[in-house]
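Right, one structure below, let's go through it.
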Amino acid sequence: IITSGPTGEPVGIVSEIIAQISPESIPDRITFRGPAQFDSRSLNQLHSIILPIVDQISGHLNIPPKNYEISITNIGAAAATDRGLKISGFSAELPLLMALLSTSLSIDIRQDIIGTGHIASIDGEIGPVKGIQAKIEASLETPGVTGFVFPDLERDRSLRVLTPIEYESIKECLFQHKSAI
């Protein structure tokens, strides 16, 4: 999650997305628990792109569609803002897809790897997101994190979405920290 620091600079906060199969029928198949909620644009993306990808993969394995309960945990972020967290933008889509697939397929995800990325199409294309530098810094400060998954800046639409300064800044940050994470 990217939030604003004391002087308005972007600050990354590592959060965990937890998806569980709901034992009860849920309207729209997804319910949220806890202080974090998605905005309407992000919810639309969840229902129109991410959930269909999960259903398609599950269907190929003869696993019927599921209902999910999703929670995003980061006690520090909720406590620091003294309010619930409103998730907007698309950078939580890759971790959300991974959490839903993990739950649906009963496959554990390594807890030492974090990620960010926009699921740009029903084909699962991972698209560019902003704030990668702040997210890398947050991952370096989080004990136990050893890997960071992000869109390929050379192969996705990053060069069309990011400004040249943002692109170069991300590349420099990645180069600087490539041996640390």
Side-chain angles (χ1 to χ4, degrees), residues 1-17 32 35-54 70 72-74 76-81 83-101 109-181:
I1 295 174
I2 297 292
T3 189
S4 295
T7 59
E9 78 281 2
V11 175
I13 301 171
V14 174
S15 300
E16 182 177 16
I17 296 178
F32 294 90
Q37 298 291 316
F38 286 86
D39 71 3
S40 61
R41 193 173 79 156
S42 297
L43 282 174
N44 183 50
Q45 183 76 358
L46 172 61
H47 288 286
S48 64
I49 301 291
I50 298 170
L51 198 53
I53 291 172
V54 172
I70 297 173
I72 300 175
T73 61
N74 187 304
T81 58
R83 57 188 158 88
L85 298 172
K86 186 77 161 188
I87 310 288
S88 61
F90 300 123
S91 49
E93 291 177 2
L94 176 60
L96 186 57
L97 174 65
M98 291 170 51
L100 290 172
L101 281 173
I109 295 176
R110 288 178 42 187
Q111 298 298 300
D112 63 329
I113 296 177
I114 63 171
T116 188
H118 166 49
I119 305 302
S121 73
I122 194 74
D123 296 324
E125 174 192 0
I126 301 173
V129 295
K130 296 191 178 210
I132 290 179
Q133 304 96 309
K135 294 169 188 174
I136 289 171
E137 295 295 334
S139 67
L140 291 167
E141 295 171 5
T142 303
V145 173
T146 63
F148 185 77
V149 179
F150 57 92
D152 184 338
L153 300 178
E154 306 299 329
R155 294 188 181 162
D156 67 16
R157 294 176 292 127
S158 292
L159 295 174
R160 291 183 295 199
V161 174
L162 301 172
T163 67
I165 292 172
E166 289 172 316
Y167 174 79
E168 289 303 322
S169 178
I170 292 169
K171 294 289 282 185
E172 182 179 322
C173 184
L174 291 170
F175 180 76
Q176 180 181 1
H177 298 296
K178 71 179 182 178
S179 64
I181 192 163

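Position 1 is the first residue of the sequence; numbering continues from there. Quick caveat, the model's predicted, so the values are computed rather than measured.
Between Arg41 and Asp39 there is no salt bridge, since no side-chain N of the basic residue sits under 4.0 Å from a carboxylate O of the acidic one.
Minimum heavy-atom separation, Thr116 to Phe148: CG2-CZ, 3.8 Å. What you find for Pro128 and His118 is that their closest heavy atoms are O-CB, 3.9 Å. When all heavy atoms are compared, the tightest approach of Ile53 to Ile122 is CG1-O, 3.3 Å. What you find for Glu166 and Gln133 is that their closest heavy atoms are O-NE2, 4.0 Å. The nearest pair of heavy atoms linking Ile132 to Pro151 is CD1-CD, 4.5 Å. In plain terms, the two heavy atoms of Glu137 and His177 that are nearest each other are OE2-NE2, 3.1 Å.
Side-chain contact check for Thr146 versus Arg110: some heavy-atom pair is nearer than 4.5 Å. Inter-residue side-chain proximity for Val54 and Leu97 is flagged as met; some heavy-atom pair is nearer than 4.5 Å. Within the 4.5 Å cutoff, side-chain heavy atoms of Leu100 are placed close to those of Ile70.
The distance from the CG atom of Leu46 to the CG atom of Leu51 is 6.0 Å, given to the nearest 0.5 Å. Atom OG of Ser91 and atom CD1 of Ile119 lie 11.0 Å apart (nearest 0.5 Å). For the atom pair CG of Leu174 and CD1 of Ile181, the computed distance is 10.5 Å after rounding to the nearest 0.5 Å. Here Phe32 contributes atom CZ and Leu43 contributes atom CG; the two are 5.0 Å apart, rounded to the nearest 0.5 Å. Here CG of Leu96 is found 10.0 Å from CD of Gln45. Values are rounded to the nearest 0.5 Å. Interatomic distance, CD1 of Ile114 versus CD1 of Ile17, reported as 11.5 Å (0.5 Å rounding).
Formation of a donor-acceptor pair under 3.5 Å by the Glu125 side chain with backbone atoms of Ala120 is not found in this model. Under the 3.5 Å distance criterion, the side-chain polar atoms of Lys135 are matched with a main-chain donor or acceptor of Lys130. Judged by distance alone, with hydrogens and angles left aside, the side-chain atoms of Ser139 form a donor-acceptor pair with the main-chain N or O of Ile136 at under 3.5 Å.
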